[in-house]
*Asks:* 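This structure is in C-alpha cells; I'll ask about it shortly.
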Amino acid sequence: MGKVIFIDVDGTLLDYENKLPASADRAIKEARKNGHRVYICTGRSEVEVYDYIWDIGLDGMIGGNVSYVKDEDTVVMHQLITLEQCKHIVDWCHSRNLEFYLESNNGLFASENFEEKGNPVIKVYYQRKGKENASEQTVRTVFPEMIYGGELYRDDCNKVSFILNSY
C-alpha cells in the first residue's frame with residue numbers, strides 16, 4: 001500500500017506567481033503512479049484551487065486552514081463560520097476601517113474598498129518576497145476570481161482575511 005502525501009500550495013507546489021513548475025507536475029504524477037495518494041494542504045478555499053491544479057491528479061484537499069476536507073469527490077468535513085459569526089466579523093472589520101475578503105468555496109468576496117487598499121499591500125508583499133515584477137502585481141492579478149459587490153453577510157464562509165492599516 002502506498003503512502004499519503006500532503007503538500008502545501010503557495011510557495012511549494014506553486015510559485016508566488018501561481019505557476020506550477022513542470023517538475024512538481026511530474027513528481028505528483030510519478031507519486032500517484034507508484035500508488036501514493038496526494039492531497040494538498042492549504043490555506044486556500046476550494047474556489048482558489050483552479051482547474052490546472054486539480055488537473056495534475058490530486059486525491060483531495062485539506063483547505064481553508066483546515067475548515068474543509070475533501071477525499072476524491074467526498075466532503076469529509078466542512079466547518080463553516082455561521083451567519084451570525086460572519087455578521088459580527090464583517091461589522092467588527094467595518095468599525096475598525098479594515099478591508100477584508102471572505103473566503104467561501106463559492107467565491108472570494110471583497111469588502112467595499114479591498115481593491116483600493118489591497119493594491120499597495122500586494123506590491124509590498126511581492127517586494128519583500130524579492131519578486132522582480134512586484135510593481136506590476138495588483139489584487140486582480142493575485143486574486144483573479146475575486147467577487148466585488150457581493151453579499152458580505154454570508155452563511156458559506158470558511159475564513160476571513162483582512163488588511164492591516166500598516167505593514
Side-chain angles (χ1 to χ4, degrees), residues 1-86 89 100-110 114 118 121-134 136-147 150-152 154-164:
M1 175 165 174
K3 297 180 180 184
V4 177
I5 299 168
F6 297 96
I7 187 164
D8 181 40
V9 175
D10 297 301
T12 304
L13 180 61
L14 302 179
D15 65 20
Y16 283 101
E17 279 80 39
N18 280 320
K19 291 182 177 60
L20 175 71
S23 58
D25 183 50
R26 282 192 308 275
I28 287 175
K29 287 180 175 150
E30 186 71 22
R32 293 191 77 231
K33 188 174 98 178
N34 289 326
H36 306 301
R37 296 177 56 83
V38 180
Y39 295 81
I40 54 173
C41 187
T42 178
R44 291 180 179 216
S45 293
E46 188 174 33
V47 73
E48 291 181 283
V49 182
Y50 307 117
D51 288 342
Y52 74 94
I53 301 170
W54 285 113
D55 290 346
I56 62 178
L58 299 170
D59 292 291
M61 72 178 290
I62 298 173
N65 289 340
V66 195
S67 67
Y68 181 76
V69 179
K70 183 177 179 179
D71 180 31
E72 305 271 335
D73 292 326
T74 303
V75 175
V76 176
M77 191 269 299
H78 194 181
Q79 180 67 46
L80 294 169
I81 296 171
T82 68
L83 177 60
E84 285 304 312
Q85 290 168 328
C86 186
I89 293 166
F100 59 92
Y101 65 95
L102 307 173
E103 286 192 30
S104 155
N105 286 351
N106 298 311
L108 303 178
F109 298 89
F114 182 80
V121 174
I122 293 288
K123 289 175 185 1
V124 169
Y125 175 79
Y126 276 83
Q127 287 168 350
R128 289 183 175 206
K129 291 285 183 190
K131 302 301 175 188
E132 292 178 16
N133 64 345
E136 299 167 24
Q137 298 302 316
T138 67
V139 169
R140 290 191 187 252
T141 60
V142 174
F143 300 105
E145 304 293 324
M146 184 75 70
I147 298 167
E151 178 59 50
L152 296 178
R154 309 190 62 80
D155 64 0
D156 64 347
C157 189
N158 296 328
K159 73 177 206 181
V160 180
S161 295
F162 62 91
I163 301 172
L164 295 173

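These figures come from a predicted structure and were not determined experimentally.
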*Asks:* Not counting sequence neighbours, which residues clear side-chain contact (heavy atoms from CB on, under 4.5 Å) with Val66? List them please.
*Replies:*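 With sequence neighbours excluded, Val66 shows a side-chain contact (heavy atoms from CB on, under 4.5 Å) to Ile62, given in chain and number order.
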*Asks:* Not counting sequence neighbours, which residues clear side-chain hydrogen bond (donor to acceptor under 3.5 Å, both in side chains) with Asn65? List them please.
*Replies:*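 Asn65 satisfies side-chain hydrogen bond (donor to acceptor under 3.5 Å, both in side chains) with no residue once adjacent residues are dropped.
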*Asks:* Tell me the closest heavy-atom pair linking Gly43 and Glu103, and the distance in Å.
*Replies:*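 Heavy atoms of Gly43 and Glu103 come nearest at O-OE1, 3.6 Å.
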*Asks:* Do you know which of Leu14, Ile5, Ile7 makes side-chain contact (heavy atoms from CB on, under 4.5 Å) with Ile40?
*Replies:*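 Checked Leu14, Ile5, Ile7 against Ile40; only one passes side-chain contact (heavy atoms from CB on, under 4.5 Å): Ile7.
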*Asks:* Are more than 12 heavy atoms, taken from residues, nucleotides or ligands other than Gln127, located less than 6.0 Å from that residue's CD atom?
*Replies:*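 Atom CD in Gln127 is crowded, with more than 12 foreign heavy atoms closer than 6.0 Å.
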*Asks:* Not counting sequence neighbours, list each pair that qualifies as a ring pair (Phe, Tyr, Trp, His ring centres under 6.0 Å) and has a residue in residues 63-84.
*Replies:*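 Listed by first then second residue: Tyr68-His78.
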*Asks:* Please name all residues satisfying side-chain contact (heavy atoms from CB on, under 4.5 Å) with Asp155, sequence neighbours left out, ordered by chain then number.
*Replies:*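 Partners of Asp155 by the side-chain contact (heavy atoms from CB on, under 4.5 Å) criterion, ordered by chain and then number, come out as Leu83.
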*Asks:* What's the spacing between Leu13 CG and Cys41 SG if we round to 0.5 Å?
*Replies:*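 The distance works out to 12.5 Å.
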*Asks:* Looking only at heavy atoms, which two atoms of Ser67 and Asn158 are closest? And how far apart?
*Replies:*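 Heavy atoms only, the tightest pair is OG-CB, 3.4 Å.
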*Asks:* Do Asp156 and Asn105 have a side chain donor and acceptor closer than 3.5 Å?
*Replies:*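 The criterion, which ignores hydrogens and geometry beyond distance, is not satisfied for Asn105 and Asp156.
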*Asks:* Quick check for you: to the nearest 0.5 Å, what is the distance between Ile81 atom CD1 and Arg154 atom CZ?
*Replies:*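 CZ of Arg154 is found 11.5 Å from CD1 of Ile81.
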*Asks:* Specify the closest pair of heavy atoms between Ala31 and Val38, including all atoms of both residues, with the distance to one decimal.
*Replies:*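 Closest pair (atom of Ala31, atom of Val38, distance): CB-CG2, 4.1 Å.
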*Asks:* Please name all residues satisfying side-chain hydrogen bond (donor to acceptor under 3.5 Å, both in side chains) with Tyr126, sequence neighbours left out, ordered by chain then number.
*Replies:*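 With sequence neighbours excluded, Tyr126 shows a side-chain hydrogen bond (donor to acceptor under 3.5 Å, both in side chains) to no residue whatsoever.
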*Asks:* Just verifying a value: how many Å separate Met61 CE and Thr42 OG1, rounded to the nearest 0.5 Å?
*Replies:*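 So the gap between those two atoms works out to 6.5 Å.
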*Asks:* As an exercise, state the distance from CG of Asn106 to CD of Glu46, rounded to the nearest 0.5 Å.
*Replies:*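 So the CG of Asn106 and the CD of Glu46 are separated by 9.5 Å.
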*Asks:* Tell me, please, which residues at least two apart from Lys33 pass salt bridge (Lys or Arg N to Asp or Glu O under 4.0 Å).
*Replies:*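 Applying salt bridge (Lys or Arg N to Asp or Glu O under 4.0 Å) to Lys33 gives Glu30.
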*Asks:* Where do Phe143 and Ile122 land on the side-chain contact (heavy atoms from CB on, under 4.5 Å) test, with the steps shown first?
*Replies:* CA-CA 10 Å; Phe143 300 105; Ile122 293 288; 4.1 Å; yes
*Asks:* Answer whether the closest heavy-atom distance between the side chains of Thr141 and Glu136 falls below 4.5 Å.
*Replies:*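 Sidechains of Glu136 and Thr141: no contact.
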*Asks:* So, for Leu102 and Cys86, which heavy atoms are closest and what is the spacing to 0.1 Å?
*Replies:*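 Closest pair (atom of Leu102, atom of Cys86, distance): CD1-SG, 4.0 Å.
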*Asks:* Give every donor-acceptor pair under 3.5 Å between a side-chain atom in residues 48-57 and any protein atom, sequence neighbours left out.
*Replies:*
from, atom 1, to, atom 2, distance (Å)
Glu48, OE1, Ser45, N, 3.4
Tyr52, OH, Asn18, O, 2.5
Trp54, NE1, Val49, O, 3.2

*Asks:* Holding to side-chain hydrogen bond (donor to acceptor under 3.5 Å, both in side chains), I want the full list of residues that pass it with Asp8, two or more places apart in sequence or in another chain.
*Replies:*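 Expected list: Thr12.
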*Asks:* Run the side-chain contact (heavy atoms from CB on, under 4.5 Å) test against Glu72 and tell me which residues pass, sequence neighbours left out.
*Replies:*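 By the side-chain contact (heavy atoms from CB on, under 4.5 Å) rule, Glu72 matches Arg37, Asp59.
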*Asks:* Under the side-chain contact (heavy atoms from CB on, under 4.5 Å) criterion, do Gln137 and Tyr125 qualify, and how do the steps go?
*Replies:* CA-CA 10 Å; Gln137 298 302 316; Tyr125 175 79; over 6 Å; no
*Asks:* What are the two closest heavy atoms between Ser104 and Val47, and how far apart are they?
*Replies:*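 Looking at all heavy atoms of both residues, the closest pair is O-CG1, 3.2 Å.
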*Asks:* Tell me every residue that passes side-chain hydrogen bond (donor to acceptor under 3.5 Å, both in side chains) with Lys123, counting only those two or more places apart in sequence or in another chain.
*Replies:*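 Testing Lys123 for side-chain hydrogen bond (donor to acceptor under 3.5 Å, both in side chains), a comparison that skips the adjacent residues, returns none.
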*Asks:* Can you name the ring-ring contact (aromatic ring centres under 6.0 Å, His included) partners of His36, sequence neighbours left out?
*Replies:*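 His36 satisfies ring-ring contact (aromatic ring centres under 6.0 Å, His included) with no residue once adjacent residues are dropped.
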*Asks:* Under the rule for ring-ring contact (aromatic ring centres under 6.0 Å, His included), what residues qualify as partners of Phe162, not counting sequence neighbours?
*Replies:*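 For Phe162, no residue satisfies ring-ring contact (aromatic ring centres under 6.0 Å, His included) once neighbours in sequence are set aside.
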*Asks:* Let me confirm one number: the CE-CG distance from Met77 to Asp71, rounded to the nearest 0.5 Å.
*Replies:*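 Here the interatomic distance stands at 13.0 Å.
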